[in-house]
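Notes to accompany the following structure.
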2 protein chains.
Amino acid sequence: MELETAKQQFIQLWGNFGSQWGINRSMAQVHALLLTSTKSLCTEDVMETLSISRGNANMNIRELMNWNLVYKETFPGDRREYFRAEKDVWEIAKRITKERKRREIEPLQQHLAELSVVDGPDSEEKEAFTGTISDLQRLVSRLDGLSDTLMKADEHVFFGKIVQFFK
Amino acid sequence: MELETAKQQFIQLWGNFGSQWGINRSMAQVHALLLTSTKSLCTEDVMETLSISRGNANMNIRELMNWNLVYKETFPGDRREYFRAEKDVWEIAKRITKERKRREIEPLQQHLAELSVVDGPDSEEKEAFTGTISDLQRLVSRLDGLSDTLMKADEHVFFGKIVQFFK
DNA sequence: CAATTCTTTCAATTATTATTGAAAGTTTTG
DNA sequence: CAAAACTTTCAATAATAATTGAAAGAATTG
């Protein structure tokens, strides 16, 4: 396969995969484009390569910057903003985890906490419900705790020591 | 909060959360309903409680059975099929992980493998691309391997031993 | 075996989400 | 400070995904 074909296919692949996981297809495609680009690109470049509108390109580049997956760069004598992606895949994984935790897991825990207090007389029904909610709270907290630990561990420790531990 | 209110809110919460993660809102709501129901429910019950159509209820119940999150039950003297959810949250987590692995991670790995072979003369561009793809392959494989390990570990080992290891 | 009861399918519709692109906003330049 | 160059916004539109419900299909019953 030609390099350019491969890059294009990767952009499609990443877009499809992202949209299965609740990430906007264009955002994932912009990310894939910048991830496989050796030089930083301006909005115009992104628009042209992906055949998307200025608004779409701008919005998704900004969103990728909010996720700390893309940085802004400027060059002397050029007024345009250029963008470059974080290339370290371990960093990418850590940052995505961190953001989803902040945006989704923490609010979920908040909501579950509210649901764990139920009024009314004790009953089997009530016990069953509060039991399920607290099981979910424990599960979420523990998976969350694991993600914290993994994010603090560096790649070497993670890929070396820990996996061996389970072998 | 009243028990019935809390259940309804939980159904909404689970539906919203699911749709953020690429799971159909109705499917997540049916799951939440069955998860917090002490008795098994028939299609009619699900339709009425969630105010959804017969087709929608049927399709999502079937899909939840495909995911091994819901079982079919029958009662003598009643021709209808009744449904009951797996209640063990650790089992639920394992089964969701297993299905997403099979449906998404494995095809992703397949696609990445295809992209890792690039024709044409060696170049810095090409090296960069194949490097990024193989980094991604390693990341995906390792996260996947971790999920295997976690699925094999039982709840006690997971929640006890391993977390301590990182403390 | 035909009537009944329940389940499944799927084309049409509705709802949701993403995208466009022109206009407004901002920054830089001479 | 006004023109130029670039960025951002957002109402309108388009694309995608979910839902409906009537009809067809299966299974069960008497």
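Below, each value reflects all heavy atoms present in this structure, side chains not excepted, and no hydrogens, waters or symmetry copies. Every chain is numbered from 1, with letters handed out A, B, ... down the list of sequences.
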Rounded to whole angstrom units, what separation is found between the CZ atom of A/R25 and the C1' atom of C/dT16? 15 Å
Pick base, sugar-phosphate or nothing for A/N58, based on heavy-atom distances below 4.0 Å to the nucleic acid. base
Heavy atoms from C-beta onward define the side chain here; which of D/dT8, C/dC6, D/dG21 lies closest to that of A/E81? D/dT8
Whether the side chain of A/R79 and the base of C/dT27 hold a donor-acceptor pair under 3.5 Å is what I'd like checked. yes
Ignoring the backbone of B/S53, work out which of D/dT20, D/dA18, D/dC6 is nearest its side chain. D/dT20
Heavy atoms under 4.0 Å, any strand shown: does B/S51 hit a base, just sugar-phosphate, or nothing? sugar-phosphate
At less than 4.0 Å, is any side-chain N or O atom of A/N56 found next to OP1 or OP2 of C/dG21? Yes or no. no
Nearest nucleotide by nearest heavy atom, which residue falls closer to the 5' end of DNA chain D, B/M27 or A/T43? A/T43
Is the distance from OP1 or OP2 of C/dT19 to the nearest side-chain N or O of A/S26 less than 4.0 Å? yes
Are A/M65 and A/I61 packed together at the side-chain level, in the sense that at least one heavy-atom pair is separated by less than 4.5 angstrom? yes
Rounding to a whole Å, what distance do you find between B/E63:CD and D/dA17:P? 15 Å
Which whole-number value in Å describes the distance from A/I23 CD1 to C/dA18 C1'? 15 Å
With heavy atoms under 4.0 Å as the rule, sort B/T74 into base, sugar-phosphate or nothing. nothing
Please report, rounded to the nearest Å, how far the P atom of D/dA4 is from the CZ atom of A/R80. 18 Å
Does the Lys NZ or Arg CZ of B/R142 fall within the cation-pi geometry relative to A/W90 - under 6.0 Å from the ring centre and within 45° of the axis? no
B/R54 CZ to D/dA22 C1', straight-line distance once rounded to whole Å: 11 Å
Parallel under 30°, tilted from 30 to 60°, perpendicular over 60°: which one fits the rings of A/F129 and B/F10? perpendicular
Roughly, in whole Å, what's the span from CZ in A/R62 to P in D/dC6? 19 Å
Evaluate the side-chain proximity of B/N16 to B/R25: yes if any heavy-atom separation is below 4.5 Å, no if none is. yes
Rounded to the nearest angstrom, tell me the gap between atom CG in B/N16 and atom C1' in C/dT16. 13 Å
Nucleotide D/dT7, atom C1' - distance to NZ of A/K72 in whole Å: 9 Å
Classify the side-chain pair B/E63/B/N66 by whether it contains a donor and acceptor separated by less than 3.5 Å. yes
Identify, between A/I52 and B/M59, the residue whose nearest nucleotide on DNA chain C lies closer to the 5' end. B/M59
